[in-house]
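Report on the structure given below.
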Amino acid sequence: MNVLIVYDSIFGNTERLARVMGEACGGRNQVQVLHVSEATPDQVVGADVLIVGSPTRGFRPTPAVKLLLKRIPHGGLKGVRTAAFDTRFPLEKMKSAFFLLPFLVRVFGYAAGPMAEILEKRGGEVAVPPEGFFVEGVEGPLVEGEIERAEAWVQAVVGAGG
């Protein structure tokens with residue numbers, strides 16, 4: 001199975017998760033982990049499984065990830081199992097940071113949901129619901145246990161149809 005993991009990363013946390021996921025679903029699968037700047041719509045369309053990851057920036061994926069997803073032709077992901085993940089700050093920790101932020105997060109959400117919607121609109125078959133992985137602070141590091149959670153999540157993605 002041809003698995004493609006495309007990510008963008010600001011402080012290295014999303015990249016670390018993407019690489020861990022790539023290692024976790026290797027073995028019998030052919031896996032490529034690419035920074036979004038290295039990925040083309042042709043590569044994305046040619047995958048059996050496509051996983052896209054982005055840090056949450058202003059309640060959305062990064063501009064580079066949004067651009068790549070928009071460049072995928074409508075119907076281009078037909079027959080491709082897809083999944084989306086993001087890195088985010090835990091909502092519980094936001095309460096003391098800025099009183100309006102938790103409300104805004106509840107209204108606008110995180111990056112993974114909109115990415116999953118675009119993947120599905122392009123014809124992708126959603127393998128698992130979008131997932132968020134937590135960082136301790138704006139720059140990280142990842143919260144303890146998130147690496148193991150990412151390994152289990154990617155196994156569910158790859159094993160979902162196989």
Side-chain angles (χ1 to χ4, degrees), residues 1-89 105 108-135 140-143 145-162:
M1 186 177 332
N2 179 12
V3 179
L4 177 60
I5 302 172
V6 177
Y7 71 90
D8 199 1
S9 194
I10 306 295
F11 299 110
N13 298 298
T14 311
E15 177 180 7
R16 183 169 180 214
L17 288 170
R19 296 203 179 281
V20 162
M21 289 177 191
E23 291 174 16
C25 68
R28 63 180 168 78
N29 300 307
Q30 179 184 0
V31 180
Q32 233 183 335
V33 179
L34 296 176
H35 184 269
V36 68
S37 65
E38 302 170 322
T40 67
D42 289 340
Q43 289 170 305
V44 168
V45 169
D48 297 314
V49 176
L50 172 63
I51 301 168
V52 181
S54 174
T56 298
R57 306 297 288 177
F59 312 106
R60 294 181 170 81
T62 63
V65 168
K66 285 192 291 190
L67 179 62
L68 176 67
L69 295 177
K70 285 181 181 181
R71 291 176 57 208
I72 299 170
H74 287 277
L77 295 178
K78 185 175 181 179
V80 178
R81 287 201 317 273
T82 62
F85 75 94
D86 64 39
T87 49
R88 57 179 76 166
F89 197 63
V105 166
F108 297 108
Y110 295 100
M115 290 188 302
E117 287 176 17
I118 295 171
L119 292 168
E120 189 171 18
K121 285 179 182 174
R122 298 299 190 261
E125 300 168 8
V126 178
V128 296
E131 187 62 74
F133 296 95
F134 298 107
V135 294
L142 291 163
V143 168
E146 292 302 85
I147 293 291
E148 294 79 11
R149 220 167 54 80
E151 291 169 334
W153 182 80
V154 79
Q155 289 296 323
V157 172
V158 173

* Structure fact -> With sequence neighbours left out, the residues meeting salt bridge (Lys or Arg N to Asp or Glu O under 4.0 Å) with E125 are none

* Given side chains that start at C-beta, do those of V6 and L50 come closer than 4.5 Å, heavy atoms only? -> yes

* E15 (side chain) donor-acceptor with Y7 (main chain) under 3.5 angstrom -> no

* State which residues pass salt bridge (Lys or Arg N to Asp or Glu O under 4.0 Å) with R71; sequence neighbours excluded, sorted by chain then number. => none

* **Residue pair V49 / M1, side-chain heavy-atom distance below 4.5 Å** => yes

* To do: Flag the pair T87 / E146 as yes when at least one side-chain heavy-atom distance between them is below 4.5 Å, and no otherwise.
  => no

* Asked: Is any side-chain heavy atom of V20 closer than 4.5 Å to a side-chain heavy atom of E151?
  -> yes

* To do: With D8 as reference, evaluate H35, R57, K66 under the side-chain hydrogen bond (donor to acceptor under 3.5 Å, both in side chains) test and give the passing residue.
  => H35

* To do: Search all heavy atoms of A111 against all heavy atoms of P61 and return the closest pair with its distance.
  => CB-N, 3.4 Å

* Give the minimum heavy-atom separation between G140 and V135, together with the two atoms involved. => CA-CB, 4.0 Å

* Asked: CZ of F133 to CZ of R16: how many Å apart, nearest 0.5 Å?
  -> 13.0 Å

* salt bridge (Lys or Arg N to Asp or Glu O under 4.0 Å) partners of D86, counting only residues at least two apart -> R88

* Is R19 paired with E23 through a side-chain N to carboxylate O contact shorter than 4.0 Å? -> no

* To do: Identify the two heavy atoms, one from V65 and one from S54, that lie closest to each other, and give their separation to 0.1 Å.
  => CG2-CB, 4.0 Å

* **Non-hydrogen side-chain atoms of F85 and T14 separated by less than 4.5 Å** => yes

* If we only count heavy atoms from C-beta on, is the V45 to P73 side-chain gap below 4.5 Å? -> yes

* Asked: Which distance, rounded to the nearest 0.5 Å, do you find between the CD of E131 and the OH of Y110?
  -> 11.5 Å

* To do: Report yes if the side chains of V3 and Q32 come closer than 4.5 Å at any heavy-atom pair, otherwise no.
  => no

* To do: Taking all heavy atoms of A150 and all of L17, pick out the closest pair and write down the distance.
  => CB-CD2, 3.7 Å

* To do: Any chance you could measure T82, atom OG1, to L77, atom CG, to the nearest 0.5 Å?
  => 7.0 Å

* Less than 4.5 Å apart, any side-chain heavy atom of I51 and any of W153? -> yes

* To do: Give a yes or no on this: more than 12 heavy atoms of other residues, nucleotides or ligands lie within 6.0 Å of atom CD of E148.
  => yes

* Asked: What are the two closest heavy atoms between C25 and V158, and how far apart are they?
  -> CB-CG2, 3.6 Å

* To do: Check the pair R122 / L69 against side-chain contact (heavy atoms from CB on, under 4.5 Å), numbers first and verdict last.
  => CA-CA 9 Å; R122 298 299 190 261; L69 295 177; over 6 Å; no

* Would you give the length of the straight line joining atom OG1 of T56 to atom CD1 of I10, rounded to the nearest 0.5 angstrom? => 11.0 Å

